[in-house]
Amino acid sequence: RKGVEGLPAGLDLLGVAGFDGYLKQINPAWERCLGYLPQELLTKPVLDFIHPEDRAASQEAAKTLASGSPVYFIENRFLAKDGTYRWLSWNSYPQVEDGLIFSVVRDITGRKLGEEQLRNSEERYPHPMWIYELGSLAIVAVNEAAIAKYGYSREEFLSMTIADIRPKEDLDRLMQDLAHPRPALQQSGGWRHRLKDGTIIDVEITSHLIELGGKHTVLVVAQDVTERKRAEAGFKKQLERITALSEIDRAITSSFNLHTSLSTLLTHLNTQLGVNASAVLLLNPALRMLEYVASYGFSSVAIEKTQVEV
C-alpha cells in the first residue's frame, strides 16, 4: 500500500530530504506520530523542529551526510504539533548526485522515558531493572545492572521479550500468571531467569505498573536469591540430618528390639540417601547365611524371606 508522495505506509517514519534541510516526501507515519499534516512538515526546515539542545549534533550529522557517508542511530527530540517533544532515532543514507537523503526514522520516546524512569529508580533499587510493555511483553528499557548481571548487551535486551530470559519449562507458568489481572504493585518469588551463558538463577520480583508514552508498561526489579536459596536448602538438609540422628539414637537407646531399631535407621537412611527401599541382612554364622532382619520401602513381603548363602 502506498502512502503520501509514494512512500510506503508502516510503523517507521520514512522520509526523503534535500541537502537544503527540507523534507521532500514523507509517509503517513509522520502524521500519526507527530500530529502534523504533510504540508506543515514539508514547508519548514527540519532543524526548526529539533530541540535546541540537539541541533548541534544534528548539524554535525548533516555534514557527514553531505560528505556522502550515511549516519546511524542519530537521536534527537522532535517537536510534535501538541507542543511536546518526541524522541526520534534516525538512520539516513545520502544520494549525493541527486542531492537527496533517504531516512528511516523510529519513535523511541517510550524507550527514553523508560531509561529515565530506570535512572530515577536506581538509587533506591541497585538491582537489575527493566521495563516491558504489557501487551507485547517487549523490553523497552534496561539498566546497567541488568546488562552486567544477565550478560546481554543493551541492544540485545531491547530486541527481546520477558519470555526470552525464562527457561523453556517455566514459560507456561509465566503465561498463566500474565493472564490474571495484576495489582499496581506486585511482589513474587519462586521465579527463575536464564543468563546469556545459560546459567539459571533464582529471583524475587518486584514490579510496578507505570504508563510511559501513553502505553501500559511494567517496571521490574529483579533480585538474585540463588545463593540464599542454596544456603537455606543446605541448612534444611543439615537440620534433617541432625533430626534423623536424634531419632536413630532414641530408637537404639529406648528399644531392646533389634528389628524396631533397624527399621527406624532405614527410614531415615532412605530419606537422607534419596533411595526408595533398603534392607538389612545379618550373618548367621551357624548356617553361613545372610538372613533378613528389617526393611523399608519394599511393596512385597517376599523380601522378608531373603536368605543369601555365603
Side-chain angles (χ1 to χ4, degrees), residues 127-128 137 149-151 161-182 186-207 220 222-310:
H127 299 296
L137 307 184
K149 178 68 178 180
Y150 285 72
T161 72
I162 60 170
D164 294 327
I165 60 172
R166 311 285 178 140
K168 289 182 179 179
E169 56 269 27
D170 293 357
L171 290 180
D172 285 344
R173 181 193 167 200
L174 172 65
M175 295 308 168
Q176 290 172 9
D177 184 75
L178 291 171
H180 296 118
R182 53 155 296 150
Q186 188 175 55
Q187 293 179 309
S188 59
W191 292 106
R192 301 190 303 163
H193 285 173
R194 178 174 53 82
L195 308 184
K196 186 175 182 179
D197 64 7
T199 302
I200 303 298
I201 61 172
D202 297 295
V203 294
E204 289 182 350
I205 298 294
T206 302
S207 58
V220 174
Q223 183 176 2
D224 182 359
V225 295
T226 307
E227 291 304 318
R228 191 186 78 191
K229 288 194 70 173
R230 286 177 183 166
E232 289 173 351
F235 176 78
K236 181 180 178 182
K237 194 69 175 176
Q238 187 66 22
L239 184 61
E240 288 174 352
R241 288 173 180 166
I242 293 172
T243 301
L245 289 173
S246 175
E247 292 290 334
I248 292 169
D249 181 67
R250 186 181 300 112
I252 293 173
T253 56
S254 64
S255 174
F256 296 101
N257 186 305
L258 181 61
H259 176 80
T260 300
S261 298
L262 290 176
S263 294
T264 302
L265 172 63
L266 291 177
T267 299
H268 291 289
L269 189 63
N270 281 21
T271 301
Q272 295 301 315
L273 297 180
V275 297
N276 296 323
S278 58
V280 175
L281 303 179
L282 293 182
L283 177 64
N284 184 330
L287 300 177
R288 299 180 61 83
M289 299 282 287
L290 290 174
E291 297 178 335
Y292 170 88
V293 180
S295 65
Y296 178 85
F298 289 97
S299 58
S300 172
V301 295
I303 186 68
E304 297 177 8
K305 300 177 181 179
T306 300
Q307 290 185 321
V308 179
E309 187 177 354
V310 295

Report the C-alpha distance between Leu178 and Ile162 in whole Å, list the side-chain angles of each, state the deciding distance to 0.1 Å, and finish with yes or no for side chain to side chain contact (heavy atoms under 4.5 Å, CB included).
CA-CA 11 Å; Leu178 291 171; Ile162 60 170; 4.3 Å; yes
Distance-minimising heavy-atom pair for [X] and [Y]:
X: Glu227; Y: Arg230; value: OE2-NH1, 2.9 Å
X: Phe298; Y: Ala279; value: CE1-CB, 3.8 Å
X: Tyr292; Y: Ser295; value: OH-OG, 2.9 Å

Interatomic distance, [X] atom [atom1] to [Y] atom [atom2] [nearest 0.5 angstrom]:
X: Ile200; Y: Asp197; atom1: CD1; atom2: CG; result: 9.0 Å
X: Leu171; Y: Arg173; atom1: CG; atom2: CZ; result: 12.0 Å
X: Leu174; Y: Leu137; atom1: CG; atom2: CG; result: 7.0 Å
X: Asp177; Y: Ile205; atom1: CG; atom2: CD1; result: 10.5 Å
X: Glu309; Y: Asn284; atom1: CD; atom2: CG; result: 12.0 Å

Taking the side chain as everything from C-beta on, heavy atoms only, tell me whether [X] gets closer than 4.5 Å to [Y].
X: Thr206; Y: His127; value: no
X: His193; Y: Pro128; value: no
X: Thr199; Y: Thr226; value: no

Examine distances only and state if a side-chain atom of Arg194 and a backbone atom of Asp164 form a donor-acceptor pair shorter than 3.5 Å.
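Such a contact is found between Arg194 side chain and Asp164 backbone.
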Does Glu169 form a side chain to side chain contact (heavy atoms under 4.5 Å, CB included) with Arg192? I'd like the steps, not just the answer.
CA-CA 10 Å; Glu169 56 269 27; Arg192 301 190 303 163; 3.1 Å; yes
Qualifying residue, where the test is side-chain contact (heavy atoms from CB on, under 4.5 Å) with Leu281 and the options are Leu290, Val293, Val310, Ile303:
Leu290
